[in-house]
Protein chains: 2
Amino acid sequence: MSQTVDRALSILPLLAQGPADLGQVAERLGVHKSTALRLLRTLHEHGLVYRQQDQRYRLGARLFALAQEAVENLDVREIAHPHLVELNESCGHTVHLAVYEEQEVLYIDKVESRYPVRMYSRIGKPVAITVAAVAKLLLADLSEPERRAVAEKLDYPMYTSRSTPNAGAFLKELTVVREQGWATDLGGHEESINCIGAPIRGADGRVVAAMSVSAPNVVVTAEELLTLLPLVRRTADSISREYSGTTRPEKA
Amino acid sequence: MSQTVDRALSILPLLAQGPADLGQVAERLGVHKSTALRLLRTLHEHGLVYRQQDQRYRLGARLFALAQEAVENLDVREIAHPHLVELNESCGHTVHLAVYEEQEVLYIDKVESRYPVRMYSRIGKPVAITVAAVAKLLLADLSEPERRAVAEKLDYPMYTSRSTPNAGAFLKELTVVREQGWATDLGGHEESINCIGAPIRGADGRVVAAMSVSAPNVVVTAEELLTLLPLVRRTADSISREYSGTTRPEKA
DNA sequence: GTCGTTGTTGCATCATATGCAACACCCATT
DNA sequence: AATGGGTGTTGCATATGATGCAACAACGAC
């Protein structure tokens with residue numbers, strides 16, 4: 001809508017791929033060097049880009065600070081955190097909290113496993129949307145046409161032999177999840193890692209976030225992990241209740 | 001330099017403090033509602049802001065993705081990571097990697113302690129600049145006038161009784177660190193936590209990053225932690241060597 | 001020394017961002 | 001139901017402010 005801002009913002013993903021100098025930026029934006037310079041300067045003033053010694057531009061520190069502040073101010077996260085810690089203390093495994101936003105699912109909190117084996121995941125990192133338990137929970141709550149639309153648009157990478165293979169299978173899985181009110185990921189992302197998850201609902205019953213417990217085969221089998229299901233669901237429900245309490249139900 | 005972009009970007013820190021509706025944004029920017037709307041729309045198209053159900057705007061998911069990509073593309077981080085993991089495996093404590101950028105020091109990597117006690121810190125989070133071992137290392141490498149300028153501008157919060165109290169003490173500490181080539185933080189940030197750190201240098205000898213090992217009193221005393229110093233320095237030197245190798249020394 | 005490359009500045013032009021005013025919409029109130 | 005305040009949205013005329021140009025500066029390479 002605003003050409004100038006649009007151009008300026010287009011610089012960010014461009015720099016996310018690696019540093020670039022003025023000429024490269026100008027060329028890839030399709031504008032004159034002087035224009036690119038002014039845009040970069042403005043971004044620089046706001047700390048979103050940084051100029052390294054060799055004059056090339058990089059994404060800047062403020063970006064991290066912003067992302068950090070944003071995640072810390074999410075009210076679901078605030079409320080859920082102590083519950084997640086408590087759950088981690090009683091079972092010892094890695095606990096994740098995630099939300100859905102514009103076609104993406106992302107982790108907004110994480111409590112690390114107390115076992116030496118740790119998973120690779122990071123707050124802010126987009127989740128493997130077609131296989132993760134939390135992703136299934138969040139997508140399962142969308143309306144039927146929305147689910148279908150999203151499912152069609154996704155890629156279905158076969159991380160393992162048990163990954164969700166295609167849109168059809170995914171939609172079927174979502175229906176199951178929707179009905180049973182919980183979800184699993186049994187080796188669908190990494191062969192040796194299983195997860196079970198449960199939804200967190202707002203006052204209106206809509207799913208606002210999802211949580212999961214993950215553990216590698218070497219620590220507990222999938223069956224043993226499933227015995228934690230009641231505990232996980234209770235935790236999720238506690239969070240839901242507290243969250244519904246603090247949010248004024250804008251109309252049921 | 002570019003008014004439009006400047007205004008648009010000013011919206012981000014504003015939203016970082018919490019969600020806001022159109023009117024609030026317009027007011028705090030000092031522009032007409034319709035102007036604010038168009039700016040927000042542009043930010044929205046780029047995924048930097050998100051519109052929640054109640055119509056209010058929040059910071060968006062793309063912000064996380066960008067911060068994530070940015071940190072993953074830092075070449076120092078790439079090179080250092082395996083060394084940090086190795087160090088963690090041999091000593092068991094939390095290992096941090098940090099860089100300095102525009103008056104700020106921030107963590108760009110972290111390997112969690114294998115002990116049950118964990119520290120609060122997070123990648124992307126600005127470091128307590130006046131006390132952290134990594135901060136001292138990074139600032140100690142600046143030129144004398146720069147050090148002085150930065151030191152004057154900082155606040156010196158007394159996290160504990162052993163925090164750096166003022167600019168004078170800080171500058172003195174930086175001189176020490178500069179000469180000895182390593183740094184400590186003995187309970188200066190949190191009473192019970194000690195750190196030791198060493199600098200990572202580029203081909204030209206300038207400090208490009210700093211790493212540290214942190215451990216709480218309850219696990220090892222400060223003296224015991226200091227016995228790790230040679231190991232930490234060796235690790236930092238290995239990283240420096242590897243980093244210098246891959247970066248073409250742009251002129252020694 | 002000169003050439004090539006890259007970043008920077010001042011300026012004239014007009015594209016484009018702006019504020020206005022009118023409209024659409026949703027709730028709350030009576 | 002009807003009215004009124006609040007909020008978000010659109011079209012449009014105006015002039016602000018972003019743009020590309022061309023000339024300059026800084027730096028290295030040859």
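The chains referred to below are lettered A, B, ... by the order of the sequence lines, with proteins before strands, and numbering in each begins at 1.
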Sole candidate of V105(B), T130(B), L174(B) that passes side-chain contact (heavy atoms from CB on, under 4.5 Å) when paired with K136(B): L174(B)
Is it the case that the side chain of T35(B) and the backbone of V31(B) share a donor-acceptor pair, with hydrogens and angles ignored and the cut-off at 3.5 Å? no
Among dT16(C), dT9(D), dG7(C), which nucleotide sits nearest the side chain of L22(B)? dT9(D)
Would you say S34(B) places a side-chain N or O within less than 4.0 Å of OP1 or OP2 belonging to dG19(C)? no
Evaluate the ring planes of F170(B) and Y156(B), with Trp represented by its six-membered ring, and classify them as parallel (under 30°), tilted (30 to 60°) or perpendicular (over 60°). perpendicular
Atom CD of Q55(A) and atom C1' of dA26(D) are separated, to the nearest Å, by 10 Å
Rounded to whole Å, CG of D21(A) lies from C1' of dT8(C) at a distance of 14 Å
Measure from CG on L29(B) to C1' on dG19(C) and round the result to the nearest Å. 15 Å
Nearest to the side chain of S2(B) - dT8(C), dG8(D), dA18(D)? dA18(D)
Residues passing the ring pair (Phe, Tyr, Trp, His ring centres under 6.0 Å) test with Y100(A), sequence neighbours excluded, are none
Tell me the interatomic distance from E27(B), atom CD, to dG6(D), atom P, rounded to whole angstroms. 14 Å
Position toward the 5' end of DNA chain D (nearest nucleotide), Q24(B) or R38(B): Q24(B)
Identify the residue among E152(B), E144(B), E146(B) that makes a side chain to side chain donor-acceptor pair (under 3.5 Å) with R148(B). E144(B)
In this structure, how many angstroms lie between the C1' atom of dT10(D) and the CG atom of L40(B), rounded? 16 Å
I want to confirm an ordering. Mapping Q3(A) and T35(B) to their closest nucleotides on DNA chain C, which one lands closer to the 5' end? Q3(A)
Given dA18(D), dT18(C), dT9(D), which nucleotide is nearest the side-chain atoms of L37(B)? dT9(D)
Set out, in order, the CA-CA distance, both residues' side-chain angles and the distance that settles side chain to side chain contact (heavy atoms under 4.5 Å, CB included) for E101(B) and R58(A), then state yes or no. CA-CA 11 Å; E101(B) 180 182 320; R58(A) 285 209 134 285; 5.9 Å; no
Please round to the nearest 0.5 Å and tell me the distance separating atom CZ of R147(B) and atom CG of L139(B). 9.5 Å
Which ones in residues 4-17 of chain B lie close to DNA chain C, meaning a heavy atom under 4.0 Å from one of its atoms? T4(B), R7(B)
In whole angstroms, how far is the P atom of dG7(C) from the CE atom of M1(B)? 18 Å
What's R56(A) touching, base or sugar-phosphate or nothing? Going by heavy atoms closer than 4.0 Å. nothing
Whole angstrom is fine here: how far is it from NZ in K33(A) over to P in dT5(C)? 11 Å
Rounded to the nearest angstrom, tell me the gap between atom CG in D54(B) and atom P in dC26(C). 16 Å
Which nucleotide, dA18(D), dT19(D), dG8(D), lies nearest any side-chain atom of L39(A)? dT19(D)
